[in-house]
Amino acid sequence: MLHRTRIKMCGLTRAEDVAAVVAAGADAIGFVFYAKSPRFVTPARAAELLAAVPPFVGGVGLFVNAGVDEVAAAVRAAPLAMLQFHGDETAQHSAALAAAAQRPFMQVFRVRPDTTGADLIEYEQRYRAASTLFSGLLLDTYVDAYGGAGKVFDWSLIPKELAPRVVLSGGLSVQNATDAVVRVRPYAVDVSSGIEAAKGIKDAHRILAFVEAIRAADAILDRENSHDSLA
């Protein structure tokens, strides 16, 4: 298989869920450091959960409108490979947080019904210009809350030239993951509620089925690419 969409699974709170996610082949695991979230864990707990994770599976810390001291303390406590800013952070704020922690970061864009492709391009350019630690946008659905909505937005809003650099999130599940990847062709996907039995409690069968759905999409894209090369 030539095409391989990266997979991040977020909102981990239990050791058995971390083990299941790693065994299924996830590339990154996310920990929510937002106290109002039902999936909240402390950095100390995240460190415990990451202790058994093998190399090349990255730990990602999710923050919402956090301060420099909070982010720096989390990085000291837990071996996080990347930061994810999921609030209303400005480009300058996110750049300062990443610089203090000395970690790359993703910035969420919560897509509204009136969002345009030009909005997404401009937003990415703004954050990329603000910091060399900016890694890319994570696209989620706008709701009047933080930390993930569990709802799908209109994928057709994503410009084709931007899609290979984004992390697609927002309401992904076993049922729609294959279609999402085939239609959008993102660099990576991010799932949380779509693999849960309850908030913060993951389901091992859904975890495996989600990965299989993503790999099915990759196989479809491989066949399309092979056909195009022979045409």
Side-chain angles (χ1 to χ4, degrees), residues 4-64 66 69-87 97-98 101-106 108 135 138 140 145-150 167-177 187-216:
R4 183 173 179 276
T5 304
R6 271 59 174 183
I7 300 172
K8 172 178 172 281
M9 296 188 170
C10 196
L12 281 291
T13 64
R14 306 188 304 168
E16 56 265 44
D17 295 340
V18 171
V21 164
V22 170
D27 300 280
I29 53 179
F31 301 98
V32 178
F33 299 140
Y34 179 52
K36 294 182 180 180
S37 170
R39 302 171 183 90
F40 169 72
V41 294
T42 65
R45 177 58 177 158
E48 293 173 356
L49 294 171
L50 283 167
V53 172
F56 307 121
V57 179
V60 181
L62 186 156
F63 301 87
V64 175
D69 291 344
E70 178 185 346
V71 175
V75 169
R76 288 194 299 270
L80 301 173
M82 181 171 286
L83 311 174
Q84 179 177 326
F85 299 137
H86 221 283
L97 295 173
Q102 282 299 291
R103 293 291 188 279
F105 72 97
M106 293 181 290
V108 69
S135 291
L138 184 147
D140 200 354
Y146 296 113
V167 179
L168 180 64
S169 186
L172 296 181
S173 67
V174 174
Q175 288 73 30
N176 65 13
Y187 178 76
V189 293
D190 185 1
V191 64
S192 181
S193 60
I195 53 169
E196 288 184 331
K199 291 184 178 181
I201 307 299
K202 306 307 183 190
D203 181 287
H205 296 292
R206 293 182 188 181
I207 289 169
L208 187 57
F210 184 86
V211 173
E212 290 173 346
I214 298 300
R215 297 300 165 237

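- Judged purely by atom type and a 3.5 angstrom limit, Asp27 has no side-chain atom pairing as donor or acceptor with the backbone of Lys8.
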Begin from the C-alpha positions of Glu212 and Arg215 and carry the test salt bridge (Lys or Arg N to Asp or Glu O under 4.0 Å) through to its verdict.
CA-CA 5 Å; Glu212 290 173 346; Arg215 297 300 165 237; over 6 Å; no
Is there a side chain to side chain contact (heavy atoms under 4.5 Å, CB included) between Phe85 and Leu97? Walk through the geometry before answering.
CA-CA 9 Å; Phe85 299 137; Leu97 295 173; 3.5 Å; yes
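- Annotation for Ser193 and Arg39: closest pair CB-NH2, 3.8 Å, computed over non-hydrogen atoms.
- Between Val64 and Lys36, every side-chain heavy-atom pair lies at or beyond the 4.5 Å cut-off.
- Contact detail for Arg14 and Arg45: the closest heavy-atom pair is CA-NH2, 4.1 Å.
- Between Lys202 and Ser192, the side chains place a donor N or O and an acceptor N or O closer than 3.5 Å (distance only, hydrogens not considered).
- Inter-residue side-chain proximity for Ile29 and Leu50 is flagged as met; some heavy-atom pair is nearer than 4.5 Å.
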Apply side chain to side chain contact (heavy atoms under 4.5 Å, CB included) to residues Gln84 and Val167 and explain how you reach the verdict.
CA-CA 11 Å; Gln84 179 177 326; Val167 179; over 6 Å; no
Go through the steps for Val211 and Met9 under the test side chain to side chain contact (heavy atoms under 4.5 Å, CB included), then give the verdict.
CA-CA 10 Å; Val211 173; Met9 296 188 170; 3.6 Å; yes
Please evaluate residues Phe105 and Val71 with respect to the criterion side chain to side chain contact (heavy atoms under 4.5 Å, CB included), reporting the C-alpha separation (whole Å), side-chain torsions for both, the decisive distance (0.1 Å), and the verdict.
CA-CA 11 Å; Phe105 72 97; Val71 175; over 6 Å; no
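- The stretch residues 49-64 participates, sequence neighbours left out, in no side-chain hydrogen bond (donor to acceptor under 3.5 Å, both in side chains) pair at all.
- Under the 4.5 Å side-chain criterion, counting only non-hydrogen atoms from C-beta, Val22 is in contact with Pro54.
- Closest of all the heavy-atom pairs between Ser135 and Pro104 is OG-CB, 3.4 Å.
- With rounding to the nearest 0.5 angstrom, the CZ atom of Phe31 is 11.5 Å from the CG atom of Leu62.
- Shortest non-hydrogen contact noted between Val41 and Ala46 is CG2-CB, 4.5 Å.
- Within 6.0 Å of CZ in Phe40 there are more than 12 heavy atoms belonging to other residues, nucleotides or ligands.
- Shown here for Asn176 and Gly171, the closest heavy-atom pair between the two residues is ND2-O, 3.0 Å.
- Here the closest non-hydrogen pair linking Asp140 and Gly170 is OD1-CA, 3.1 Å.
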